[in-house]
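Report on the following structure.
Bear in mind the structure is a predicted one, so any value in this text is a computation, not a measurement. In what follows, every heavy atom counts, from backbone to side chain, and hydrogens, waters and symmetry copies are set aside. Index from 1, following the sequence.
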Amino acid sequence: MKRELLDSNIYGKIIERMEVDFMLNNLPKSNIIVYGSDIIRKELRDTPKEKIMLSENKKKKIRILLLNLYDFIVKNHQLKTTDAVRELADAYYIAYKKLGGFKARAEIINDFMIVATATINKLEVVYSEDSKTMLSEDSVKSYELVNSIKKLGTPKFKSYEEFKDEISKK
């Protein structure tokens, strides 16, 4: 089984593209266990309650759709933010700043904690579309630098389309 993690923006893509049924039908048949984290669930919960979308001629609250999708996909594979995760994320941030990264800590630390969670738990892939923070050149260099010093494996980063392709394989 492959052990992977979806960034919060991937759940948003699934809802936005109305591909929930595709996920519900294909993910259980795939060779993938999707892990979540308390950080990702909190980001999804922070979706404004009043945001709605039309689906099947009905108004649906996006926040509820996101949380239900997350709970279905992750099941009981939710990872906690530990002290080790926080320390690794802080190391990523220090390296990021030294490499020229300019985002404020508050703006990027959740992404670093998500990657640190995947790293500490030896997950193979993090799927994300976040090229401005999580997948920026300085961020990726910081993960690789810190993880090489600490002798940790860095997860691969892949896109939403690659996730769809992966779960479509039978």
Side-chain angles (χ1 to χ4, degrees), residues 2-81 85 89 92-93 96 101 103-119 121 123-140 142-143 154-169:
K2 295 179 183 175
R3 302 170 67 239
E4 304 177 341
L5 185 139
L6 305 180
D7 190 12
S8 54
N9 58 58
I10 299 297
Y11 295 96
K13 284 257 188 239
I14 295 167
I15 298 294
E16 173 188 307
R17 294 186 180 177
M18 296 185 192
E19 295 179 334
V20 172
D21 287 342
F22 172 82
M23 292 297 153
L24 300 180
N25 291 328
N26 288 291
L27 189 57
K29 300 178 215 166
S30 73
N31 195 25
I32 296 173
I33 297 173
V34 176
Y35 285 77
S37 80
D38 50 1
I39 301 280
I40 293 168
R41 192 162 205 297
K42 183 181 181 317
E43 287 180 350
L44 297 175
R45 283 193 56 186
D46 287 345
T47 302
K49 291 179 182 179
E50 58 276 357
K51 271 191 146 184
I52 59 166
M53 70 180 282
L54 273 176
S55 176
E56 300 165 0
N57 292 325
K58 294 179 189 168
K59 288 183 181 179
K60 297 191 177 181
K61 293 187 177 194
I62 293 174
R63 179 178 184 252
I64 300 218
L65 294 172
L66 287 168
L67 291 169
N68 286 340
L69 178 64
Y70 174 90
D71 290 341
F72 173 82
I73 288 176
V74 170
K75 295 183 177 61
N76 61 344
H77 297 108
Q78 178 150 313
L79 303 169
K80 300 279 185 225
T81 302
V85 166
Y92 291 158
Y93 185 70
Y96 169 79
K103 298 280 184 190
R105 186 180 190 284
E107 210 176 330
I108 200 164
I109 198 65
N110 278 358
D111 290 335
F112 288 173
M113 285 200 283
I114 290 166
V115 174
T117 298
T119 300
N121 290 283
L123 302 184
E124 299 168 47
V125 177
V126 173
Y127 291 96
S128 181
E129 295 283 325
D130 186 353
S131 59
K132 290 183 180 166
T133 54
M134 181 184 285
L135 303 178
S136 73
E137 187 177 330
D138 290 332
S139 294
V140 173
S142 74
Y143 311 141
T154 302
K156 292 180 183 127
F157 297 99
K158 295 185 179 182
S159 70
Y160 175 65
E161 290 304 319
E162 290 172 298
F163 177 63
K164 280 178 48 182
D165 290 346
E166 190 67 31
I167 69 166
S168 295
K169 295 177 185 172

*Should Glu161 and Arg17 be marked as a salt bridge (Lys or Arg N to Asp or Glu O under 4.0 Å) after you check the CA-CA gap, both sets of side-chain angles, and the distance that decides it?*
CA-CA 12 Å; Glu161 290 304 319; Arg17 294 186 180 177; 2.4 Å; yes

*How are the rings of Phe112 and Tyr93 set to each other: parallel, tilted or perpendicular (split at 30° and 60°)?*
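Tilted: the ring planes of Phe112 and Tyr93 meet at 30° to 60°.
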
Looking only at heavy atoms, which two atoms of [X] and [Y] are closest? And how far apart?
X: His77; Y: Val34; answer: CB-O, 3.7 Å
X: Met134; Y: Asp111; answer: N-OD2, 3.4 Å
X: Thr133; Y: Lys103; answer: CG2-CE, 3.9 Å
X: Ile114; Y: Ser37; answer: CG1-OG, 4.4 Å
X: Arg3; Y: Tyr35; answer: NE-OH, 3.3 Å
X: Ser8; Y: Glu43; answer: OG-OE1, 2.6 Å

Could you state the interatomic distance from [atom1] ([X]) to [atom2] ([Y]), rounded to the nearest 0.5 Å?
X: Tyr70; Y: Lys75; atom1: OH; atom2: NZ; answer: 12.5 Å
X: Lys51; Y: Ile64; atom1: NZ; atom2: CD1; answer: 14.5 Å
X: Ile10; Y: Asp130; atom1: CD1; atom2: CG; answer: 9.5 Å
X: Tyr127; Y: Asn9; atom1: OH; atom2: CG; answer: 13.5 Å
X: Ile52; Y: Lys59; atom1: CD1; atom2: NZ; answer: 4.5 Å
X: Phe163; Y: Ile14; atom1: CZ; atom2: CD1; answer: 5.5 Å

*Between Lys158 and Glu4, does at least one N-O distance fall below 4.0 Å, as a salt bridge requires?*
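Here Lys158 does not pair with Glu4 in a salt bridge, since their nearest N and O are not under 4.0 Å apart.
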
*Do other residues, nucleotides or ligands put more than 12 heavy atoms under 6.0 Å from the CG atom of Leu24?*
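Counting other residues, nucleotides and ligands, CG of Leu24 exceeds 12 neighbours.
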
Under 3.5 Å donor-acceptor, [X] side chain and [Y] backbone:
X: Ser139; Y: Leu135; result: no
X: Arg63; Y: Pro48; result: no
X: Arg41; Y: Gln78; result: no

*Under the ring pair (Phe, Tyr, Trp, His ring centres under 6.0 Å) rule, collect the residues that match up with Tyr160, sequence neighbours excluded.*
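In terms of ring pair (Phe, Tyr, Trp, His ring centres under 6.0 Å), with neighbours along the sequence ignored, Tyr160 is linked to no residue.
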
_Those residues that, when tested against Tyr92, pass ring pair (Phe, Tyr, Trp, His ring centres under 6.0 Å) (two or more places apart)_ =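 Tyr92 satisfies ring pair (Phe, Tyr, Trp, His ring centres under 6.0 Å) with Tyr143 once adjacent residues are dropped.
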
*Audit row: Leu123, Leu79, side chain to side chain contact (heavy atoms under 4.5 Å, CB included) steps and yes/no*: CA-CA 11 Å; Leu123 302 184; Leu79 303 169; 4.0 Å; yes

*Could you check Asp46 against Lys42 for salt bridge (Lys or Arg N to Asp or Glu O under 4.0 Å), going step by step and ending with a plain yes or no?*
CA-CA 6 Å; Asp46 287 345; Lys42 183 181 181 317; 3.3 Å; yes

*Verdict with reasoning, Glu129 to Asp7, per side chain to side chain contact (heavy atoms under 4.5 Å, CB included)*: CA-CA 8 Å; Glu129 295 283 325; Asp7 190 12; over 6 Å; no

*asked:* Please evaluate residues Tyr11 and Ile40 with respect to the criterion side chain to side chain contact (heavy atoms under 4.5 Å, CB included), reporting the C-alpha separation (whole Å), side-chain torsions for both, the decisive distance (0.1 Å), and the verdict.
replied: CA-CA 10 Å; Tyr11 295 96; Ile40 293 168; 4.1 Å; yes

*Does the side chain of Thr117 reach to within under 4.5 Å of the side chain of Ile39, using non-hydrogen atoms?*
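They are not in contact (no side-chain heavy atoms under 4.5 Å apart), so the answer is no.
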
